[in-house]
Structures are given as C-alpha cells and as structure tokens.
Chemist: 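The structure under discussion is supplied below as structure tokens; questions concerning it will follow.
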Amino acid sequence: MASSSALNTGSGPSLTDPVRYPVSASSSVRTKRAFVLILLTLLVPGSAQLVAGDRKLGRTALRVTLCVWAVLLLAVVLLLLNRSMVITIVTNPVTSLVLVVLLAALALGWAFLFLNTLRLIRPVLLAPRVRPAVGIALVLALVVGSGSLGYAAYLLNVGRNAIGNIFSSGPAIDPVDGRYNFLLMGGDAGDDRTGRRPDSLSVLSVDARTGQTAIISVPRNFQNAQFSADSPMRRIYPDGYNCGDECLINAINTEVTNEHTDLYPGVADPGAQATMEAVSGSLGMQIQAYVLVDMDGFSKLIDAMGGIRIKAGGWVPISGETIDEANGIHGMPLGWIPAGDNTLDGYHALWYGRSREFVDDYARIARQQCVQQAMLKQLDPATLLSKFEDIADAGTKVVDSNISSSQLGSFLDLAMKAKGKEAKRLTIGPPDFGPAFSTNPDFDQIHERVDQLLASASAKGPQSAGIPDDVMAVPQAGAGHVQAAGAAPATLPAAVKAAPQPSPSDFTPVTTTPDGEPITEEMLNQLKLEGDEEAIRQLVATNGQCAPL
C-alpha cells in the first residue's frame, strides 16, 4: 500500500522502472540490464548499486572509486615530474606494505561489488539461454577488475620481499663528484669455499644527473692492491696486498672472511667490504656500495629474463674437466658457443662470461662486460612486468648488496636514464695496459686513466676536462670494445686519432678459417683431439669481441 501510494503521488520511485524493478520488464530489457550493470561495476565501481541497488553502498563505493582515480592521476603527474619519488614510494618497505594492504582491500571490495551486482541482476529472471553468457561476462569482469588488483598486490609483495632479502637497511649514500660508484662482483660460492671468491670485478660509475655510465674492469689476478685510507686492512697491509703471487685481489674476500672478520664488527659481509676497499684504493676513487652476484645462480636470473641476445666475435668453448691446471689445459669441450648472433640461455650466458680457455683473461673480461650490458639493455619494462615474479625470485638467490633499500627508487630511475647510453670502458690490463701491468701496476698511471675516463663520462662531457673526443674512443685490434679515456697509445698518429672511429659493435664475427673454410664445432673438436691447441687459439682469438643486440 505504501509503495502504491508513493506511485500515485509521484514522491517515490516508479515500480515500472526496469533498472530498479526488472520484474515488469521484458526479457530483452532484462538481458541488456544485466550486461549494463556488469559493465558499470567494471568501469565505475559503485555506480551499479547507485542506480539499481543499495544507494548508500553505491555512494560509498563511488567515493572510493573517485579517490582511487585521483590518486592514480596524481601518480601519473608525479611520474612525469618526479619519477624517482614514485619509484621510491613503491619500493620503500613501509609504503609498499601499505600499498599491498590497500590493493588487497580494494580487490576484495571490488569483488564484493561484483557479487552484489549478481544479486541485483537476479539471474532467475533471465532467459535460461542468457544466464550462462551473463555468468561468464561477470566472471571475466571480476577477473579483469578485482583479479588485476589482487595480482598487483601479490606482485608488489613479491618485489617487497625480494628487496628486503637483497638490499640493506643501512644509510643512504650521496654522489661523489657528481657520480655514484658501485663495485659489481661475480663469484662462486662452492661447498669447499668460505664466502664467494670474486672472479669478476667491475666498477660501475654512474653520473647522478644523466645516467652516463663508465665501467672499469679489474682483473682477478691484479696484485699489490692498495687498500683505501680508511680500510682496517691497512693495519695488516700498509704497503698494499703484497704477500707474493698468492695475494691476488680476488683472494682478499676469502682471507678476510676466514681470518680478519674481527676488523669489521657489525659488517654483514667483511670479505666483500674489504674487496671494495681494495678496489677503491687501487683505482683512486671512492666506491660507495657493492653488488655481489653468485655465478652459480646467475643462470637463473638470465633464464627468468628469457635469455640475452649478443653478437659474438669468435667461438667460445664450454670447457671440460681441467687436466693441466698449471697451463690451463682442459679435456674435450662440453660444447661451443658459435661466432655471430646468439640468444643465450642462463647456462650458455654463464659459460660465455666465464670461459677463458684458448684466450687470456682479458678476452673473458670483455665478454663479461658485454653480458652485463646485454642484461641492462634487454631488461625492458615489458620483460620485467611479464616475468617479474621469476626475476624477483631469481634475484634473491643471486644477488647480495649493501645498497640501502631506501635509495633503490632513485637508482632504478638512474638505470632508466642509463638505458640507451653506451658505457665508456677501461680495463686495468689489455687492451688498455700491457699484459704484465696487473702484476706490477703503476698506481699513478691507473689514477690518471680513471680520472680521464670519469671526466669523459661526466655530465659536462670530455671537452670540459680538456680531453679531446678523439682520444676517448680509440679501438684496439681484437679488443672487441672501445679503448677508454686516456688509453690511446702515445705513438698513435694524430691523423688516426682524428679519424672517425667504429663503434664497439662494428666488427665482423670470425666464422671462417683464413682459407675461407667455415669454422664448425666438429672442426674445433677434431683439432682438440689432435692436440693442436695453437690452431684453436688462432681460430678463436677474436672471441673477446662482443656486442649486445
């Protein structure tokens, strides 16, 4: 009676309104109404309840929807104006936890609205043949809407846990002379070792404004390393790490881990810290943080990325068992990575950067630099988003670092700036120094070369440092990469210096013998069976050449 009175006076809703009262509507109108309500809940959560259900619930949900839209709009504006701030908010342990909780709550609330919408649709009023289609549409909308928010919360939590496992909670660092300097170490942590032995040492120096990167490679057999002035190890080795042929720079980690941890109270990884101090003192630059990559887990990270693409200058062996350690001779190779364009999975990428059979250690360093650049170049947003869970999971098994998690946002932003910029490189050994240099290094010369390299990779550019551009990039035969700052030989004619120089990727892979016969795995294995190691060395001499694709 009350509703009838309301109808007669025009003061209440009409019972013939098909949106709120579908009982009196035709079958086709009910079908359209069902799909419209689903679409409204998907596009404007709360609007379906506002027009066809509980208006109080609808108004509350609509307010939440408008607030979410406002926050998203603000995030887009901040992303355009201050990208590092947005990344810092997302990667910060506290704010990321808040975001995970909010996303999960929004996902549950949206799911509740979809279920409420199903009640408003009243499937029993629909034609039997229409009900399955409406049910499927609602489930799909639920997955697209609420499911996407729930999955976003899950991925954010995965990333949050990975960041917590990899990065430290220590203090933030400031750039030194406008640059951030990181030591990247790649090492093995076998069962017979205490700590990782870093067989690969590279300093990544990044301009804090532009992201321009310089890579300085230090050979693992570098001797007489100088510890920085504030290093506790200077008490034991005041004149450098000079205890003979066994005192290679990659032995510092193990020695400190086994014998001198008391010098580093409160330090999570004394061996890595001491190695960082040795590289810092030897290069004459302040290195602020390290990233330690376990090579046994390295392949998992590349597999999670879907592999890397490189152009190889020469064939690279996957070495078999060592049969003559003194001369570095192995048994039959387990396989070969061919010259030319390759897509390498984790196993082959690991061997590509690790193998040094038939060539010297400096060809291996060049390949390691190439693998690093390929990973940075090919870890694009699409790959990161589509394989985020695998990459994050692999990262926790591969990477350890003393970088503060509070600065991860600004460093990720810097990495984005670095993408597309070709890194300038220097190796403390061939081709930038003589073969015996790492055994008897001249530290004044090293410091001069490093200063020139960093000047060339600074925001102001090389001309501001008084260094001609043509000296910055002089290629060396067979080096496979550009000569770094200050590395041009003094006897190089001025005409050659002034001539246009090829890029690091401007080389032709060696795929044939000098007689024009194609180099094959069978040919290389046959030479190995015949014991003709020298012939193999000549055929694979260019395997230090490499460029990311």
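Any value given below was found using the heavy atoms of this structure, including those in side chains, with hydrogens, waters and symmetry copies removed.
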Chemist: Does any part of the side chain of Thr343, heavy atoms only, come nearer than 4.5 Å to the side chain of Leu549, both counted from C-beta?
Modeler: no
Chemist: With a 3.5 Å distance limit and no angle check, can you tell me whether Ser456 reaches the backbone of Leu453 through a side-chain donor-acceptor pair?
Modeler: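 Yes, because the side chain of Ser456 sits within donor-acceptor range (under 3.5 Å) of the backbone of Leu453.
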Chemist: Quick one: does Val29's side chain get under 4.5 Å of Pro22's, heavy atoms only?
Modeler: no
Chemist: Could you tell me whether the side chain of Trp69 reaches within less than 4.5 Å of the side chain of Leu66, counting heavy atoms only?
Modeler: yes
Chemist: Would you name the heavy atoms of Met276 and Ala289 that are closest together and state the gap between them?
Modeler: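 Heavy-atom minimum between the residues: SD-C, 3.5 Å.
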Chemist: Should Ile308 and Tyr352 be marked as a side chain to side chain contact (heavy atoms under 4.5 Å, CB included) after you check the CA-CA gap, both sets of side-chain angles, and the distance that decides it?
Modeler: CA-CA 11 Å; Ile308 58 171; Tyr352 187 75; over 6 Å; no
Chemist: Got a donor-acceptor contact below 3.5 angstrom from the Lys424 side chain to the Gln212 backbone?
Modeler: no
Chemist: Could you go step by step and tell me if Tyr290 and Thr275 meet the side chain to side chain contact (heavy atoms under 4.5 Å, CB included) rule?
Modeler: CA-CA 9 Å; Tyr290 66 82; Thr275 303; over 6 Å; no
Chemist: Give me the atom names and distance for the closest heavy-atom approach of Ser217 to Ser202.
Modeler: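 Heavy atoms of Ser217 and Ser202 come nearest at OG-OG, 3.7 Å.
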Chemist: With a 4.5 Å cut-off on side-chain heavy atoms, are Ile318 and Ser355 touching?
Modeler: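 A side-chain contact is absent here, since even the closest heavy-atom pair is not under 4.5 Å.
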Chemist: Could you tell me whether a side-chain N or O of Arg309 sits under 3.5 Å from a main-chain N or O of Asp341, the two making a donor and an acceptor?
Modeler: no
Chemist: So does Asp54 have more than 12 non-hydrogen atoms from other groups sitting under 6.0 Å from CG?
Modeler: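 Yes, the 6.0 Å shell around CG holds more than 12 heavy atoms from other groups.
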Chemist: Please evaluate residues Tyr180 and Leu204 with respect to the criterion side chain to side chain contact (heavy atoms under 4.5 Å, CB included), reporting the C-alpha separation (whole Å), side-chain torsions for both, the decisive distance (0.1 Å), and the verdict.
Modeler: CA-CA 8 Å; Tyr180 290 107; Leu204 274 66; over 6 Å; no
Chemist: Report the residues that fulfil side-chain contact (heavy atoms from CB on, under 4.5 Å) with Leu108, sequence neighbours left out, ordered by chain and then residue number.
Modeler: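 By the side-chain contact (heavy atoms from CB on, under 4.5 Å) rule, Leu108 matches no residue at all.
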Chemist: Among Val203, Val176, Val279, find the one that has a side chain to side chain contact (heavy atoms under 4.5 Å, CB included) with Met285.
Modeler: Val203
Chemist: If I compare all heavy atoms of Ala25 with all of Arg30, which pair ends up nearest, and what's the gap?
Modeler: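 Closest approach of Ala25 to Arg30: O-NE, 3.2 Å.
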Chemist: Please determine which of Arg367, His348, Arg354 meets the side chain to side chain contact (heavy atoms under 4.5 Å, CB included) test together with Val316.
Modeler: Arg367
Chemist: Between atom CG of Leu103 and atom OG of Ser148, what is the distance when rounded to the nearest 0.5 Å?
Modeler: 11.0 Å
Chemist: Measure the spacing between OG of Ser146 and CZ of Phe114 and express it to the nearest 0.5 Å.
Modeler: 7.5 Å
Chemist: Under a 4.5 Å cut-off applied to non-hydrogen side-chain atoms, are Leu201 and Arg220 in contact?
Modeler: no
Chemist: Find the distance between CZ (Arg122) and CZ (Arg33) and round it off to the nearest 0.5 Å.
Modeler: 8.0 Å
Chemist: Does one side chain, of Gln49 or Thr117, offer a donor that lies under 3.5 Å from an acceptor on the other?
Modeler: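 Judged by distance alone, the side chains do pair up.
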Chemist: Run Leu106 and Val64 through side chain to side chain contact (heavy atoms under 4.5 Å, CB included) and show every step you take.
Modeler: CA-CA 9 Å; Leu106 289 172; Val64 173; 3.7 Å; yes
Chemist: Between Thr65 and Pro45 (side chain of the first, backbone of the second, donor and acceptor by atom type, cut-off under 3.5 Å), is there such a pair?
Modeler: yes
Chemist: Only counting residues at least two apart or in another chain, list the ones meeting side-chain contact (heavy atoms from CB on, under 4.5 Å) with Ala268.
Modeler: none
Chemist: As an exercise, state the distance from SG of Cys370 to CD of Gln545, rounded to the nearest 0.5 Å.
Modeler: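 Answer rounded to 0.5 Å: 11.0 Å.
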Chemist: Does any part of the side chain of Trp315, heavy atoms only, come nearer than 4.5 Å to the side chain of Pro509, both counted from C-beta?
Modeler: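 When only atoms from C-beta onward are counted, Trp315 and Pro509 do not touch, as no gap falls below 4.5 Å.
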Chemist: For the residue pair Ile310 and Leu344, establish whether any side-chain heavy-atom pair is separated by less than 4.5 Å.
Modeler: yes
Chemist: What is the minimum heavy-atom distance between Leu113 and Gly46, and which atoms define it?
Modeler: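 Smallest interatomic distance, heavy atoms only, reads CD1-N, 3.8 Å.
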Chemist: What is the distance from atom CH2 of Trp336 to atom CG of Asn543, rounded to the nearest 0.5 Å?
Modeler: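 If we round to the nearest 0.5 Å, Trp336:CH2 and Asn543:CG are 8.5 Å apart.
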Chemist: Any side-chain heavy atom of Pro232 sitting closer than 4.5 Å to one from Glu277?
Modeler: yes
Chemist: Does a side-chain N-to-carboxylate-O contact under 4.0 Å join Arg179 and Asp207?
Modeler: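 Yes, charged N to carboxylate O under 4.0 Å.
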Chemist: Can you name the side-chain contact (heavy atoms from CB on, under 4.5 Å) partners of Val134, sequence neighbours left out?
Modeler: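 Checked Val134 against side-chain contact (heavy atoms from CB on, under 4.5 Å); matches are Ala34, Phe35, Ile38, Ile121, Leu126, Val130.
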Chemist: Quick check: closest heavy atoms across Leu142 and Ala111, and the distance to 0.1 Å?
Modeler: CD1-CA, 3.7 Å
Chemist: Working to the nearest 0.5 Å, report the span between CZ of Arg131 and OG1 of Thr31.
Modeler: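 Rounded to the nearest 0.5 Å, the CZ-OG1 separation comes to 10.5 Å.
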Chemist: Heavy atoms only: give me the nearest Ala278-Ile252 pair and the separation to one decimal.
Modeler: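 Between these two residues, the closest heavy atoms are CB-CD1, 3.5 Å.
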